[in-house]
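Comments concern the structure below.
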Amino acid sequence: MTLPLEDDSRPPYVQAAEVLRREISSGRLKPGDKLPSSRTLQDRYGIASSTVQNALRLLKSEGLVYSVQGRGSFVRNSAATSPAEAALSAQGREEQAGAADDTPGLSAESLAEDMKAMKADIKRLEETVSRLLEIVEAQQRK
C-alpha cells in the first residue's frame, strides 16, 4: 500500500504516521507489539528511509511508540490516545515548530524511556563482558 502522495497535501512522514496511528488505535498493533522494520515500512508505503524515521519520531513525540536501539520500535503500553487527540497534538506541535521545520521534536518522556532502555542495554553488556573476562581468566589459569 503506497501512500496517496499526490492526493494528499500533507508531508509524506505525516501520512505514514497517520497510517501507523490508525493501526495502533484500531488495535491491529497492540501495546508491546514491534512495529515493522524501517525497510519494510519503506517498501510498504513507497517512501524514503528518512521519511520513515520522521514518521516514527512523530509517533514517539505523541507517546504512541518507543524505540530500543538495535531492536526496533514498539507500541507503548500507554498508547490510549484517540486519533482525534493525536491529530490535535500533532497539529499543535507543527504550528509551534513553524513552516521551516518539518521534523517534530522528541518529548522528554520518550527521551527518558529511550535513555532507560539504553542504560539497561549497557548494564547487560557490562555483565556479559564481566562474565567473558572471568572465563578468559579461568582459561589462563589452566
Side-chain angles (χ1 to χ4, degrees), residues 1-5 8-142:
M1 166 197 162
T2 57
L3 297 173
L5 298 174
D8 192 331
S9 63
R10 298 177 300 165
Y13 79 92
V14 173
Q15 294 178 44
E18 176 63 28
V19 172
L20 291 169
R21 193 180 297 112
R22 273 192 248 128
E23 289 186 18
I24 292 168
S25 66
S26 72
R28 184 164 179 229
L29 287 171
K30 296 172 179 34
D33 282 356
K34 183 177 179 182
L35 271 59
S37 70
S38 292
R39 184 70 181 142
T40 299
L41 293 173
Q42 288 174 46
D43 293 342
R44 182 182 296 173
Y45 302 138
I47 55 178
S49 173
S50 60
T51 305
V52 170
Q53 295 309 311
N54 286 336
L56 293 175
R57 195 172 296 119
L58 177 60
L59 294 174
K60 285 180 200 175
S61 72
E62 293 172 2
L64 294 174
V65 301
Y66 66 97
S67 295
V68 178
Q69 188 172 2
R71 297 207 177 137
S73 296
F74 300 85
V75 178
R76 188 180 296 280
N77 286 334
S78 61
T81 306
S82 73
E85 291 170 330
L88 287 173
S89 175
Q91 180 182 2
R93 273 191 309 283
E94 286 180 13
E95 289 171 359
Q96 288 175 355
D101 184 11
D102 282 1
T103 307
L106 295 174
S107 71
E109 179 184 292
S110 68
L111 288 172
E113 188 155 332
D114 287 348
M115 181 67 82
K116 184 178 177 182
M118 284 189 268
K119 285 181 180 180
D121 287 343
I122 290 170
K123 183 175 181 177
R124 280 192 297 276
L125 286 170
E126 287 172 343
E127 291 169 353
T128 301
V129 168
S130 178
R131 283 190 299 250
L132 288 171
L133 287 173
E134 289 172 6
I135 292 170
V136 168
E137 288 172 2
Q139 291 294 326
Q140 288 177 344
R141 281 187 236 129
K142 289 184 178 180

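Quick caveat: nothing in here was measured; it's all calculated off a predicted structure.
Nearest heavy-atom pair, A17 versus L59, reported as atom, atom and distance to 0.1 Å: O-CD2, 3.7 Å. N77 and P31 make their closest contact through OD1-CB, 3.5 Å (heavy atoms, listed as atom of the first residue, atom of the second, distance). Shown here for I47 and L41, the closest heavy-atom pair between the two residues is CG1-O, 4.3 Å. The two residues G32 and F74 have their closest heavy-atom pair at O-CD2, 3.7 Å. For the residue pair V65 and L56, the shortest heavy atom distance occurs at CG2-O, 4.0 Å. Closest of all the heavy-atom pairs between Y45 and V19 is OH-CG1, 3.2 Å.
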Test S73 against K34 for side-chain hydrogen bond (donor to acceptor under 3.5 Å, both in side chains), laying out the working first. CA-CA 6 Å; S73 296; K34 183 177 179 182; over 6 Å; no
For V75 and K30, what are the C-alpha separation, side-chain angles and deciding distance, and is it a side-chain contact (heavy atoms from CB on, under 4.5 Å)? CA-CA 7 Å; V75 178; K30 296 172 179 34; over 6 Å; no
Yes or no on side-chain contact (heavy atoms from CB on, under 4.5 Å) for L64 and R76, after CA distance, side-chain angles and deciding distance? CA-CA 5 Å; L64 294 174; R76 188 180 296 280; 5.9 Å; no
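Contacts of R71 classified as side chain to side chain donor-acceptor pair (under 3.5 Å), with partners at least two apart in sequence or in another chain: none. Take R131 and apply the salt bridge (Lys or Arg N to Asp or Glu O under 4.0 Å) test, not counting sequence neighbours, and it matches no residue.
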Please list, one pair per line, the donor and acceptor atoms closer than 3.5 Å that link side chains of residues 132-142 to other protein atoms, with sequence neighbours excluded.
none

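Here OH of Y13 is found 9.5 Å from CZ of R57. Values are rounded to the nearest 0.5 Å. Here the OG1-NZ distance, from T128 to K123, works out to 12.0 Å after rounding to the nearest 0.5 Å. Note that CD of E23 and CD of E18 are 11.0 Å apart. Values are rounded to the nearest 0.5 Å.
A side-chain donor-acceptor contact under 3.5 Å links S26 to the backbone of R22. Side-chain atoms of S25 come within 3.5 Å of backbone atoms of R21 as a donor-acceptor pair (strictly under, hydrogens ignored). A donor-acceptor contact shorter than 3.5 Å links the side chain of Q15 to the backbone of R10.
Environment of CZ in R28: sparse, with no more than 12 heavy atoms of neighbouring residues, nucleotides or ligands closer than 6.0 Å. Under a cut-off of 6.0 angstrom, the local environment of CD in E127 is crowded, with over 12 non-hydrogen atoms contributed by other residues, nucleotides or ligands.
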